[in-house]
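Comments concern the structure below.
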Amino acid sequence: MRRNAIVLLVVLVVCAAGAEVFFRSRAASERERIRSRMGERGLCTQPADDERLIYTYTPGECGANSLGYRDIEHSIEKPEGVFRIVLIGDSVAEGRDVEADSAFGRVIERQLNARGDGRRYEVILLAHIGYSTSQEIVLLHDTAFRYDPDLILWSYCLNDPAHPVYHNANGDLGRYYHRPRSYLVARVEAFAFRVKQKYRGLECPKEFHAFVHCAFWPEVEENLGRIGEITLSHRVPVVFVIHPIFEKDTGFEDYSLRDVHARLAEAARTNGFDVVDLLEPFRAYAPAGLKIENETYYDPWHMNALGHRVAARAIAPHIP
């Protein structure tokens with residue numbers, strides 16, 4: 001009996017080792033395919049030192065500062081008389097496809113400094129393309145409070161509940177840079193995730209943004225609560241900005257995700273956040289007038305320079 005158990009154990013170990021080699025080889029091939037179509041993203045990004053973040057911008061490349069953010073350099077020590085705002089988000093917050101000075105964080109900074117109220121305002125950008133809320137919370141916890149901020153400006157996009165590896169909201173960056181310790185275990189975890197997603201999503205809408213807020217609402221609430229706990233412990237208020245998507249062939253009057261916005265706003269206010277829902281100021285415009293035009297695919301998330309100005313005008317009054 002004992003010999004049979006040993007033989008079975010050996011067989012299982014050999015099979016597991018073979019499966020590990022197979023899945024590592026498959027992953028390497030997939031990374032090569034992704035790399036071949038990454039273009040500029042491959043030049044601008046690198047593996048993160050923190051495995052929770054998966055990837056970051058390469059410091060000093062593609063407009064990134066020395067810390068790997070699409071921002072100017074900032075001193076860690078806050079100068080006297082400065083009101084500091086840390087803006088956390090993804091490629092929408094960083095102003096993808098517009099000039100860095102046209103992104104809404106920079107526009108807000110100029111608007112606030114034009115108040116002439118005797119203090120200087122500084123917006124510090126902590127944002128990376130494709131980051132999900134789980135990654136942004138790492139930036140909040142580990143980096144934001146080094147700058148002694150007076151306010152956290154949280155930029156929330158409707159693809160933020162996406163898993164950074166198992167979903168593809170970051171354009172394959174998560175899959176490319178993810179390096180699990182065991183590729184066999186990673187396959188099992190991915191399978192378990194898909195099963196959970198399918199089970200939770202049985203009665204959810206098919207549209208992706210509505211789906212993730214339905215199937216993964218417990219995680220959304222948990223993440224908002226975590227943001228609230230961290231900022232409350234530092235006694236720093238949060239302005240929570242909800243970005244609408246640009247639905248194809250549909251104006252904001254017929255926007256289909258109003259219920260998602262309302263649910264998010266309620267959950268954010270429950271955690272003590274001041275909420276700015278950009279759906280209302282955007283309603284005065286046709287979506288095509290505010291969005292980036294992309295020749296290769298329909299981009300539902302990213303604003304053009306006018307969109308950033310409209311967003312900044314709506315947000316600035318919420319900065320005390």
Margin query: Does Val241 form a side chain to side chain contact (heavy atoms under 4.5 Å, CB included) with Leu153? I'd like the steps, not just the answer.
Written below: CA-CA 7 Å; Val241 180; Leu153 183 59; 3.6 Å; yes
Next item on the list: With Ser91 as reference, evaluate His302, Arg70, Arg96 under the side chain to side chain donor-acceptor pair (under 3.5 Å) test and give the passing residue.
Entry: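 When His302, Arg70, Arg96 are each tested with Ser91, the side chain to side chain donor-acceptor pair (under 3.5 Å) holds only for His302.
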Measure from the side-chain N and O atoms of [X] to the backbone N and O of [Y], and report whether any donor-acceptor pair falls under 3.5 Å.
| X | Y | answer |
| --- | --- | --- |
| Asn170 | Pro164 | yes |
| Gln46 | Thr58 | no |
| Asn304 | Ile292 | no |
| Asn113 | Glu109 | yes |

Can you establish whether the number of heavy atoms outside [X] located under 6.0 Å from its atom [atom1] is more than 12?
| X | atom1 | result |
| --- | --- | --- |
| Asp50 | CG | yes |
| Glu99 | CD | no |
| Glu203 | CD | no |
| Asp49 | CG | no |
| Arg26 | CZ | no |

Any salt bridge between [X] and [Y], counting N to O under 4.0 Å?
| X | Y | result |
| --- | --- | --- |
| Asp150 | Arg119 | no |
| Arg263 | Glu266 | no |
| Glu32 | Arg35 | no |
| Asp274 | Arg269 | no |

Checklist line | Nearest heavy atoms of His308 and Gly95, plus distance in Å | finding: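 Taking His308 first and Gly95 second, the nearest heavy atoms are CE1-CA, 3.7 Å.
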Next item on the list: May I have the step-by-step check of salt bridge (charged side-chain N to carboxylate O under 4.0 Å, His left out) for Arg84 and Glu77, ending in yes or no?
Entry: CA-CA 11 Å; Arg84 268 190 168 171; Glu77 184 176 354; over 6 Å; no
Note to self: With side chain to side chain contact (heavy atoms under 4.5 Å, CB included) as the criterion, how do Asn65 and Ile72 come out once you've worked through the C-alpha distance, each side chain's angles and the decisive distance to 0.1 Å?
What the structure shows: CA-CA 6 Å; Asn65 64 16; Ile72 62 174; over 6 Å; no
Taking the six-membered ring of [Y] as reference, does the NZ or CZ atom of [X] fall below 6.0 Å from its centre and within a 45° cone about the axis?
| X | Y | value |
| --- | --- | --- |
| Lys291 | Tyr298 | yes |
| Arg179 | Tyr176 | yes |
| Arg115 | Tyr121 | yes |

